[in-house]
Amino acid sequence: DAYYKIAGNFNQPMAAFLLPATGRVYEGKEKEDPFDPSTTKTFAMRWFTPTFEVPQCGHATLALAHELFQHKDLVPPTVTLLRFETMHCIFSARRISPLSSSPKIQVQLPARSPTAVDEEEFQKIKNIVAKASGKQDIAIRFIGNVKGEAGFDVYVLVELDEQEDLGGIKFDTTAFV
């Protein structure tokens with residue numbers, strides 16, 4: 001697919017693609033759009049690595065929103081809310097203090113509550129984190145994921161104990177692949 005090739009050419013971990021809005025309906029919701037079109041602009045968005053499509057990416061969403069707010073031909077100055085149709089839901093980005101010399105952007109992403117993984121999975125993930133951090137005794141407080149929920153089942157939350165100096169750890173990210 002062309003998206004994978006383009007993502008690979010960027011030589012970045014993730015590439016965001018902006019597309020025209022499709023009017024996609026999520027979870028049986030009505031197709032009505034209650035947002036004011038003079039202050040809201042809707043697009044579709046997809047994220048890719050060179051090898052797979054990703055269900056969500058907050059950093060790429062923020063970067064894309066920043067760029068869109070800079071281009072008055074795509075997003076007029078009256079628009080303060082960007083909506084992005086994604087694989088599973090709507091993401092949004094709101095321009096805060098638009099008249100400021102350094103406007104801020106607030107991104108709203110979907111949230112889910114992870115549940116703890118079983119002991120076998122905990123040990124497996126802990127070993128990977130230990131290898132990546134170079135610390136065999138790394139203190140992990142919680143490991144969880146959201147199973148069975150489209151778009152979230154590929155993520156794992158690892159909470160290190162507060163005694164760990166996260167800033168002092170140099171992670172080898174290749175250990176996570």
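Counting begins at 1 with the first residue of the sequence.
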How many angstroms lie between atom [atom1] of [X] and atom [atom2] of [Y], to the nearest 0.5 angstrom?
X: R94; Y: F69; atom1: CZ; atom2: CZ; value: 9.0 Å
X: T86; Y: M45; atom1: OG1; atom2: CE; value: 8.0 Å
X: F43; Y: L68; atom1: CZ; atom2: CG; value: 5.0 Å
X: Q56; Y: F91; atom1: CD; atom2: CZ; value: 4.5 Å
X: L81; Y: S92; atom1: CG; atom2: OG; value: 5.5 Å
X: L166; Y: I138; atom1: CG; atom2: CD1; value: 8.0 Å

Subject >> Ring geometry between F171 and F176 (parallel below 30°, tilted from 30 to 60°, perpendicular above 60°) >> reply: tilted
Where the side chain of [X] meets the backbone of [Y], is there a donor-acceptor pair that is under 3.5 Å apart?
X: E164; Y: A139; result: yes
X: R46; Y: M87; result: no
X: E85; Y: T22; result: yes
X: T78; Y: S38; result: yes

More than 12 heavy atoms of other groups within 6.0 Å of [X] [atom1]:
X: E120; atom1: CD; result: no
X: Q108; atom1: CD; result: no
X: K131; atom1: NZ; result: no
X: N11; atom1: CG; result: no
X: K124; atom1: NZ; result: no

Subject >> Proximity of Y3 and W47 rings by center, below 6.0 Å >> reply: no
Is the shortest side-chain heavy-atom distance between [X] and [Y] below 4.5 Å?
X: L74; Y: E67; value: no
X: P114; Y: L157; value: yes
X: L18; Y: L64; value: yes
X: T39; Y: V79; value: no

Original post:
What do the steps show when you test R141 against L160 for side-chain contact (heavy atoms from CB on, under 4.5 Å), and what is the final call?
Top reply: CA-CA 5 Å; R141 179 179 287 179; L160 298 181; over 6 Å; no
Subject >> H59 and M14: CA distance, side-chain angles, deciding distance, side-chain contact (heavy atoms from CB on, under 4.5 Å) verdict >> reply: CA-CA 9 Å; H59 289 87; M14 190 83 56; over 6 Å; no
Original post:
Would I169 and V158 show up in the same hydrophobic cluster when neighbours are defined by side-chain heavy atoms closer than 4.5 Å?
Top reply: yes
Subject >> side-chain contact (heavy atoms from CB on, under 4.5 Å) evaluation trace for T51 with Y4 >> reply: CA-CA 6 Å; T51 56; Y4 302 109; 5.7 Å; no
Original post:
Run the side-chain contact (heavy atoms from CB on, under 4.5 Å) check on I140 and D161 step by step: do they pass?
Top reply: CA-CA 5 Å; I140 296 178; D161 192 272; over 6 Å; no
